[in-house]
Amino acid sequence: MLSNRTALITGSTSGIGLGIAKALAQQGANIVLNGFGDVEGPKAEIAALGVKVEYHGADMSKPGEIEAMMAFAAERFGQVDILVNNAGIQHVAKVEDFPVEKWDAILAINLSSAFHATRLALPAMRAANWGRVINVASVHGLVGSAEKSAYVAAKHGVVGLTKVTALETAPTGVTCNAICPGWVLTPLVQKQVDAKATSLGISNEDATRLLLGEKEPSKQFTTPEELGALAVFFCSPAGNNIRGVAWNMDGGWVAQ
Ligand code: NAD
């Protein structure tokens with residue numbers, strides 16, 4: 001379905017980003033990966049799906065590096081047809097204790113990077129009259145949780161950016177939507193499970209049950225594969241007129 005398309009997924013060396021990259025590659029899209037840590041493993045996983053794969057190590061907190069990444073993708077593949085703004089980090093602390101440099105980093109990586117990548121991707125998408133911008137927000141783009149001020153502020157910002165981008169592109173073949181996952185067991189969430197286990201002196205299994213039980217009625221994690229399937233749906237012809245939604249996949253978290 002996507003064999004003539006190129007998808008760039010930020011923060012795709014791990015977790016949800018890698019899951020979405022694999023789902024798009026399974027549909028035939030060529031892939032540009034980004035993110036830190038192991039690169040060769042994810043590159044090999046994508047290449048095994050029979051598509052072309054490139055990697056750019058831009059630090060998403062740095063607008064100049066985002067520009068270099070978008071130029072690299074255009075140079076290698078002609079243009080980016082599908083942009084998935086996914087890179088994100090978390091830090092947990094009360095507002096009055098929140099480290100200022102963590103606030104700045106979360107706003108830059110989780111929110112401003114999506115603005116920069118989108119503004120750089122849109123001209124070619126408009127020229128082709130086809131494009132998909134998919135922002136990985138969070139249930140925290142829709143509701144709050146204590147001790148996550150920067151993350152919740154950034155993710156609400158991503159949902160706002162999604163709506164404005166969707167409105168500005170509404171008369172065209174370019175769409176913009178957000179995906180809002182609840183808990184997904186990735187390294188980002190494993191750190192929060194570990195912190196809970198340590199602070200309460202309980203096992204990892206009990207901490208996991210507690211974490212899910214606090215917020216998620218289904219008491220089960222959403223998987224990167226399920227999120228990848230939603231991204232594929234947005235890219236399908238059925239997604240042609242889905243514009244500006246913030247689609248939660250969250251085990252009922254925000255239905256409460
Ligand atoms: P993860 O830690 O597994 O992956 C994060 C990715 O972002 C990695 O590839 C990492 O290298 C990359 N990254 C981090 N800082 C970066 C930077 N400065 N520049 C470039 N890349 C950088 O986390 P995840 O859980 O897969 O999170 C992916 C996205 O999903 C994030 O935006 C997160 O907020 C969102 N999300 C996660 C959950 C969850 O429960 N895991 C829930 C809702 C939303």
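In listed order, ligands and their atoms are each counted from 1. All values below were derived from every heavy atom in this structure, side-chain atoms included, with hydrogens, water molecules and symmetry-related copies excluded. Residues: numbered from 1 along the sequence shown.
- Closest protein heavy atom to atom 14 (C) of ligand 1: Ile89 CG2, 3.8 Å.
- Remark: ligand 1 atoms within the under-4.0 Å shell around heavy atoms of Val189 are 39 (C), 40 (O), 41 (N).
- Of all the heavy atoms of Cys180, none lies under 4.0 Å from any atom of ligand 1, so neither backbone nor side chain is involved.
- Each of Thr162, Thr165, Asn85 was evaluated against Thr118; a single residue qualifies, Asn85, per the side chain to side chain donor-acceptor pair (under 3.5 Å) test.
- With respect to atom 5 (C) of ligand 1, the closest heavy atom belonging to the protein is Gly88 O, 3.9 Å.
- In summary, the atoms of ligand 1 found under 4.0 Å from a heavy atom of Trp183, numbered by their order in the structure, are 40 (O).
- Panel note: side chain Asn135, backbone Ala137; no donor-acceptor pair is recorded below 3.5 Å.
- The protein heavy atom nearest to atom 9 (O) of ligand 1 is Thr13 OG1, 2.8 Å.
- Ligand 1 lies nowhere less than 4.0 angstrom from a heavy atom belonging to Ala108.
- Of all the atoms in ligand 1, the ones that sit under 4.0 Å from a non-hydrogen atom of Asn34 are 20 (C), 21 (N).
- Counting heavy atoms closer than 4.0 Å to ligand 1, residue Asp59 contributes atoms from both its backbone and its side chain.
- Looking only at distances, no side-chain donor or acceptor of Thr169 sits under 3.5 Å from a matching main-chain atom of Thr172.
- Listed by number with element, the atoms of ligand 1 under 4.0 Å from a non-hydrogen atom of Ala58 are 19 (N), 20 (C).
- Only backbone heavy atoms of Ser12 (N, CA, C or O) come within less than 4.0 Å of ligand 1; its side chain stays farther off.
- At a 4.0 Å heavy-atom cut-off, ligand 1 does not touch Gln90 at all.
- Side-chain N or O atoms of Asn86 include one that pairs as donor or acceptor with a backbone N or O of Thr10 at under 3.5 Å.
- Protein heavy atom in closest approach to atom 4 (O) of ligand 1: Ser14 OG, 3.8 Å.
- In this structure, atom 40 (O) of ligand 1 lies nearest to the protein heavy atom Val184 N, 2.7 Å.
- Remark: ligand 1 and Gly11 share an N or O pair separated by less than 3.5 Å (distance only, no angle test).
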side-chain contact (heavy atoms from CB on, under 4.5 Å) for Ile66 and Leu120? Distances and angles first, verdict last. CA-CA 9 Å; Ile66 298 171; Leu120 294 163; 4.2 Å; yes
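- Close contacts of ligand 1 with Asn86, meaning ligand atoms under 4.0 Å from a residue heavy atom, involve 28 (C), 29 (C), 30 (O), 31 (C), 32 (O).
- Near Gly15, with a cut-off below 4.0 Å to any heavy atom, the atoms of ligand 1 are 3 (O), 26 (O).
- Contact annotation for Pro224 and ligand 1: no heavy atom of the residue comes within less than 4.0 Å of the ligand.
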Apply the test salt bridge (Lys or Arg N to Asp or Glu O under 4.0 Å) to residues Glu67 and Lys62: give CA-CA distance (whole Å), side-chain angles for both, the deciding distance (0.1 Å), then the verdict. CA-CA 9 Å; Glu67 281 188 33; Lys62 303 204 165 100; over 6 Å; no
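- A salt bridge is defined here as a Lys NZ or Arg NE, NH1 or NH2 lying under 4.0 Å from an Asp or Glu carboxylate O, and Lys219 with Glu214 fails to meet this definition.
- Both the backbone and the side chain of Leu188 come within contact range of ligand 1, each with a heavy atom under 4.0 Å.
- With a 4.0 Å cut-off on non-hydrogen atoms, Ile109 touches ligand 1 through its side chain and not its backbone.
- Clustering ILVMFWY residues whenever any of their side-chain heavy atoms sit less than 4.5 angstrom apart, transitively, puts Leu24 in the very cluster that holds Val184.
- His91 and Phe98 have their aromatic ring centers within a separation under 6.0 angstrom.
- A donor-acceptor pair is defined here as one N or O able to donate and one able to accept, closer than 3.5 Å; such a pair exists between the side chain of Asn34 and the backbone of Ala58.
- Listed by atom number, the atoms of ligand 1 under 4.0 Å from Gly35 heavy atoms are 11 (O), 21 (N).
- Distances between N or O atoms of Asn110 and those of ligand 1 include no value under 3.5 Å.
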Please lay out, stage by stage, how Leu210 and Leu200 fare under the test side-chain contact (heavy atoms from CB on, under 4.5 Å). CA-CA 11 Å; Leu210 207 60; Leu200 299 176; 3.4 Å; yes
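- Tracing side-chain contacts under 4.5 Å through hydrophobic residues (I, L, V, M, F, W, Y), one never reaches Trp247 starting from Val158; they form parts of separate clusters.
- At a 3.5 angstrom cut-off on N or O pairs, Met60 counts as close to ligand 1.
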Please evaluate residues Val245 and Phe234 with respect to the criterion side-chain contact (heavy atoms from CB on, under 4.5 Å), reporting the C-alpha separation (whole Å), side-chain torsions for both, the decisive distance (0.1 Å), and the verdict. CA-CA 10 Å; Val245 306; Phe234 283 146; 4.0 Å; yes
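- Considering only non-hydrogen atoms, atom 42 (C) of ligand 1 lies nearest to Gly182 out of Ala154, Gly182, Ser138.
- Counting only N and O atoms by type, the side chains of Lys148 and Gln192 include a donor and acceptor under 3.5 Å apart.
- Not a single heavy atom of Lys62 sits under 4.0 Å from any atom of ligand 1.
- Looking at atom 24 (P) of ligand 1, its nearest protein heavy atom turns out to be Thr186 OG1, 3.4 Å.
- Inspection of the Lys215 and Ser145 side chains reveals an N or O donor paired with an N or O acceptor under 3.5 Å.
- The residue Thr10 has no part lying near ligand 1, judged by heavy-atom distances below 4.0 Å.
- Asn204 and Asp194 are linked by a side-chain donor-acceptor pair at a separation below 3.5 angstrom, with hydrogens and angles left out of the test.
- For atom 11 (O) of ligand 1, the nearest non-hydrogen atom of the protein is Phe36 N, 2.8 Å.
- Closest to atom 36 (N) of ligand 1 among all protein heavy atoms lies Tyr151 OH, 3.4 Å.
- Cluster annotation: Leu111 is not connected to Tyr151 through the hydrophobic network of ILVMFWY side chains, with a link wherever side-chain heavy atoms come within less than 4.5 Å.
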